[in-house]
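Encoded as structure tokens, the structure appears first; notes follow it.
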Amino acid sequence: MVAMQDQPTTTDPPCCPPPDGPPPTALFAADPESARAARVFAREVVENRAPGAPADSVSDVQLVVSELVTNAIRYGTEPGDSLALIVDATPQRVRVEVHDPRRRRPAMRAESPDRQRGRGLFIVDTLAQWGIDDRPFGKIVWAELTWTNGEAP
């Protein structure tokens, strides 16, 4: 009879591989409830991988994730699609990437008092450097937020 050995346990939350592994990735359905789940995932990753990150900066990361995921759901997916969120955090910066299956690029639209929507990218632009990369089946909208010595820039 072979004795079973206990497997070592990890203290990392379920969302996060060890810090030396690839950036944590999560898949979300293309529905509005996914924006909240994406915010929670991003916060957990940042708190795990950059434990000294300023609370205001973590909130900014969550806001940027919410805006990018919401845009992907509204304009980059169709019913039944999914999107991917990658969060790469270090003690000085966080890079978030939202992958969706459509090539249509987001654009900052002129402000209008007649529209309820269209301000999300202005928020992202204020808080982060951001851009768009093509991928074989869709696009990646990314944003990077940085801070130094425990303080937001």
Side-chain angles (χ1 to χ4, degrees), residues 12-17 19 21-153:
D12 291 337
C15 73
C16 309
T25 303
L27 294 176
F28 297 99
D31 58 56
E33 294 81 27
S34 292
R36 180 185 183 285
R39 286 192 305 272
V40 169
F41 174 76
R43 187 193 72 240
E44 289 177 356
V45 171
V46 172
E47 288 175 350
N48 178 263
R49 293 210 167 185
D56 288 348
S57 295
V58 176
S59 294
D60 290 347
V61 170
Q62 290 183 279
L63 180 55
V64 166
V65 164
S66 185
E67 293 298 337
L68 295 182
V69 168
T70 298
N71 279 354
I73 292 166
R74 285 188 179 154
Y75 309 113
T77 60
E78 295 180 5
D81 285 343
S82 61
L83 57 95
L85 172 63
I86 298 174
V87 181
D88 187 9
T90 70
Q92 293 80 32
R93 67 140 185 93
V94 174
R95 178 182 172 98
V96 297
E97 298 180 0
V98 177
H99 298 232
D100 70 53
R102 304 244 343 244
R103 288 280 180 133
R104 181 178 172 198
R105 291 173 164 259
M108 294 172 62
R109 298 176 6 194
E111 291 186 44
S112 169
D114 300 329
R115 249 192 340 259
Q116 295 288 323
R117 298 181 181 175
R119 295 174 182 87
L121 287 179
F122 287 100
I123 294 169
V124 172
D125 193 56
T126 298
L127 297 174
Q129 292 183 324
W130 68 281
I132 307 158
D133 295 327
D134 290 327
R135 63 185 193 111
F137 297 101
K139 68 180 170 302
I140 301 165
V141 181
W142 58 267
E144 288 191 7
L145 295 89
T146 59
W147 53 85
T148 57
N149 299 328
E151 295 181 6

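All of these numbers come straight from a predicted model, not from anything done at the bench.
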* Asked: In Å and rounded to the nearest 0.5 Å, what is the CG to CZ distance from Leu27 to Phe41?
  -> 9.5 Å
* Asked: Less than 4.5 Å apart, any side-chain heavy atom of Asn71 and any of Val141?
  -> no
* Distance-minimising heavy-atom pair for Ala35 and Val69 -> CA-CG1, 3.9 Å
* Asked: Between Asp88 and Val94, is a side-chain contact (heavy atoms from CB on, under 4.5 Å) present by the stated rule, with each step listed?
  -> CA-CA 6 Å; Asp88 187 9; Val94 174; over 6 Å; no
* Asked: Do Ile86 and Val96 have side-chain heavy atoms sitting under 4.5 Å apart?
  -> no
* Asked: Does any N or O in the side chain of Ser66 come within less than 3.5 Å of the main-chain N or O of Gln62, such that one atom is a donor and the other an acceptor?
  -> no
* Got a sec, which residues hit side chain to side chain contact (heavy atoms under 4.5 Å, CB included) with Asp81, two or more places apart in sequence or on another chain? -> Ala30, Thr77, Glu78, Pro101
* **CD on Gln129 to CG on Leu145, rounded to 0.5 Å** => 9.5 Å
* Short question: side chain of Arg135, backbone of Phe137 - any donor-acceptor pair under 3.5 Å? -> yes
* Can you sort out the partners of Ser82 under side chain to side chain contact (heavy atoms under 4.5 Å, CB included), two or more places apart, ordered by chain and number? => none
* Asked: Mind checking whether Ile140 and Ile132 have side chains closer than 4.5 Å, heavy atoms only?
  -> no
* To do: Please report the shortest heavy-atom distance between Val58 and Ala53, naming the atom on each side.
  => CG2-CB, 3.9 Å
* Structure fact -> Between Arg93 and Thr146, the two heavy atoms sitting closest are CB-CG2, 3.7 Å
* **Value rounded to 0.5 Å, distance of CZ in Arg102 from OH in Tyr75** => 11.5 Å
* Residue pair Trp130 / Glu144, side-chain heavy-atom distance below 4.5 Å -> no
* Any sub-3.5 Å donor-acceptor pair from Ser34's side-chain atoms to Phe28's backbone N or O? -> no
* Asked: Side chain of Arg103, backbone of Gly138: donor and acceptor closer than 3.5 Å?
  -> yes
* To do: Check for a donor-acceptor pair, side chain of Arg43 on one end and backbone N or O of Val61 on the other, with a separation under 3.5 Å.
  => no
* Sidechain-backbone polar pair: Lys139 side chain, Asp100 backbone, donor-acceptor under 3.5 Å -> no
* **More than 12 heavy atoms of other groups within 6.0 Å of Arg36 CZ** => no
* Asked: For Val98 and Leu83, what are the C-alpha separation, side-chain angles and deciding distance, and is it a side-chain contact (heavy atoms from CB on, under 4.5 Å)?
  -> CA-CA 7 Å; Val98 177; Leu83 57 95; 4.1 Å; yes
* To do: Locate the shortest heavy-atom distance separating Trp147 from Pro91; write the atom from each residue and the value.
  => NE1-O, 2.7 Å
* Asked: About how many Å separate CD of Glu97 and CG of Asp133, when rounded to the nearest 0.5 Å?
  -> 7.5 Å
* Decide whether a cation-pi geometry holds between Arg95 and Trp142; the criteria are a distance under 6.0 Å from NZ or CZ to the six-membered ring centre and an angle within 45° of the ring axis. => yes
* Under 4.5 Å between any side-chain heavy atoms of Asp31 and Ile73, yes or no? -> no
